[in-house]
Amino acid sequence: LVEYDIAKGDLALIPVNSIIEINAISGDFRCRMVTFDNHGKSLDALPDPIIARGRAESAMHCDRIISILYDLSTSIAGHRESSAILLAALVKYVEESEPYMSAMKHPMCRQDIILNDFLRLVHRNCTIHREIGWYADSLCISRHYLHQCVSSASGKTAGQWIRFSVIQKARHLLKHTDLPIGDIALQLGFQSHSFFTKYFKNQTGISPAAYRYRV
């Protein structure tokens, strides 16, 4: 739910279960990356993406580690333990790279901290909990104070953020999977295909089936 700008020499570490939506790519875009399904515990502890700002030396070191990981993963012999160690080293290196930014580009005030914690909870729980009271209780603050902090820090209400996160997850599943819309509805916590369709259309102006066909 946070926008980032990536420039030449930057390193991006995106935690597990993040949903990435690319808004724009320059014509000279080039990158090296490693993606994975099975991962070490170190990634589970990362609450937000880490963007390490352009240092050619850091990018070069990470590129070497990624190259070794690729060579190991494509070799005949199994090197799962070695790959796991290298992956942990890559994560640790990016974490230690300076200067870096997390979701907030500036020192956070109380409202920013609450917004950041709220968005993290929304990302992880919006398919189960869409009631604002649950998030306020989880953050040990009142509904009114949550509304006040989120609106002041982001310009959107707490309810708007929850609905936006649900729709982002729905768009991802519609675009990148072949799951029937009824199964997607259940996966997102809706009681029925029709209820999900109504919710999606109210938020986007288009039905889930039409969105899938269009993209």
Side-chain angles (χ1 to χ4, degrees), residues 1-6 12-24 41-51 53 95 99-176 181-208 210-211:
L1 303 179
V2 179
E3 291 188 1
Y4 298 92
D5 294 320
I6 306 296
L13 176 60
I14 311 300
V16 175
N17 294 326
S18 295
I19 294 179
I20 308 300
E21 181 179 22
I22 299 174
N23 293 322
K41 293 182 179 179
S42 57
L43 277 172
D44 290 329
L46 296 176
D48 301 299
I50 293 176
I51 312 298
R53 287 307 184 191
E95 280 187 290
Y100 72 87
M101 70 172 188
S102 62
M104 299 299 175
K105 300 179 181 178
H106 308 290
M108 291 189 291
C109 65
R110 174 65 174 165
Q111 289 182 340
D112 290 333
I113 293 172
I114 289 175
L115 173 64
N116 207 28
D117 291 342
F118 169 71
L119 292 180
R120 187 179 302 121
L121 282 173
V122 169
H123 175 70
R124 294 176 179 173
N125 299 282
C126 67
T127 59
I128 302 173
H129 298 287
R130 286 193 272 276
E131 61 280 6
I132 296 171
W134 185 88
Y135 293 95
D137 291 344
S138 298
L139 294 171
C140 300
I141 58 177
S142 69
R143 287 167 55 102
H144 176 74
Y145 189 55
L146 175 62
H147 271 299
Q148 185 181 42
C149 290
V150 171
S151 297
S152 177
S154 71
K156 292 183 180 180
T157 67
Q160 285 175 322
W161 278 116
I162 294 169
R163 292 189 292 273
F164 178 75
S165 185
V166 173
I167 294 301
Q168 287 294 87
K169 291 178 183 291
R171 285 172 172 162
H172 176 78
L173 291 170
L174 290 167
K175 184 176 181 179
H176 298 290
I181 292 177
D183 290 351
I184 291 176
L186 292 176
Q187 189 167 326
L188 294 174
F190 292 92
Q191 295 179 350
S192 67
H193 180 298
S194 60
F195 188 53
F196 168 61
T197 297
K198 182 178 180 180
Y199 184 95
F200 189 91
K201 190 170 184 178
N202 283 341
Q203 299 301 316
T204 65
I206 188 173
S207 70
Y211 177 82

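Nothing fancy with the numbering, it's 1 onward along the sequence.
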*Counting heavy atoms not belonging to His144, are there more than 12 under 6.0 Å from its NE2?*
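Counting other residues, nucleotides and ligands, NE2 of His144 stays at 12 neighbours or fewer.
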*Do other residues, nucleotides or ligands put more than 12 heavy atoms under 6.0 Å from the CZ atom of Phe195?*
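No - once you tally the heavy atoms of other residues, nucleotides and ligands closer than 6.0 Å, there are 12 at most.
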*Validation row: Cys126, Tyr135 side chains within 4.5 angstrom (heavy atoms)*: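 Cys126 reaches Tyr135 side chain to side chain.
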Atom of [X], atom of [Y] and distance for their closest heavy-atom approach:
X	Y	value
Gly159	Ile132	N-CD1, 3.9 Å
Ala158	Val150	N-CG1, 3.8 Å
Ser165	His123	OG-CA, 4.0 Å
Tyr211	Ile206	N-CD1, 3.8 Å

_What's the separation between atom NE2 in His176 and atom CZ in Arg171, rounded to the nearest 0.5 Å?_
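If we round to the nearest 0.5 Å, His176:NE2 and Arg171:CZ are 11.5 Å apart.
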*Measuring from Thr157:OG1 to Leu146:CG, what's the distance to the nearest 0.5 Å?*
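Spacing of OG1 (Thr157) from CG (Leu146) equals 10.0 Å.
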*Hey, what's the ring geometry for Phe164 with Trp161, parallel, tilted or perpendicular (30° and 60° as the breaks)?*
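Phe164 vs Trp161 ring planes: perpendicular.
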_Working for side chain to side chain contact (heavy atoms under 4.5 Å, CB included), residues Asp112 and Cys109_ = CA-CA 5 Å; Asp112 290 333; Cys109 65; 3.5 Å; yes
*Does NZ or CZ of Arg130 come closer than 6.0 Å to the centre of the six-membered ring of Phe190, within 45° of the ring's axis?*
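Yes - Arg130 lies over the ring of Phe190, closer than 6.0 Å to its centre and within 45° of its axis.
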*asked:* With side chain to side chain contact (heavy atoms under 4.5 Å, CB included) as the criterion, how do Leu174 and Ile181 come out once you've worked through the C-alpha distance, each side chain's angles and the decisive distance to 0.1 Å?
replied: CA-CA 8 Å; Leu174 290 167; Ile181 292 177; 4.1 Å; yes
_Arg163 and Gln160 side chains, donor-acceptor separation under 3.5 Å_ =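 Side-chain D/A pair, Gln160 to Arg163: absent.
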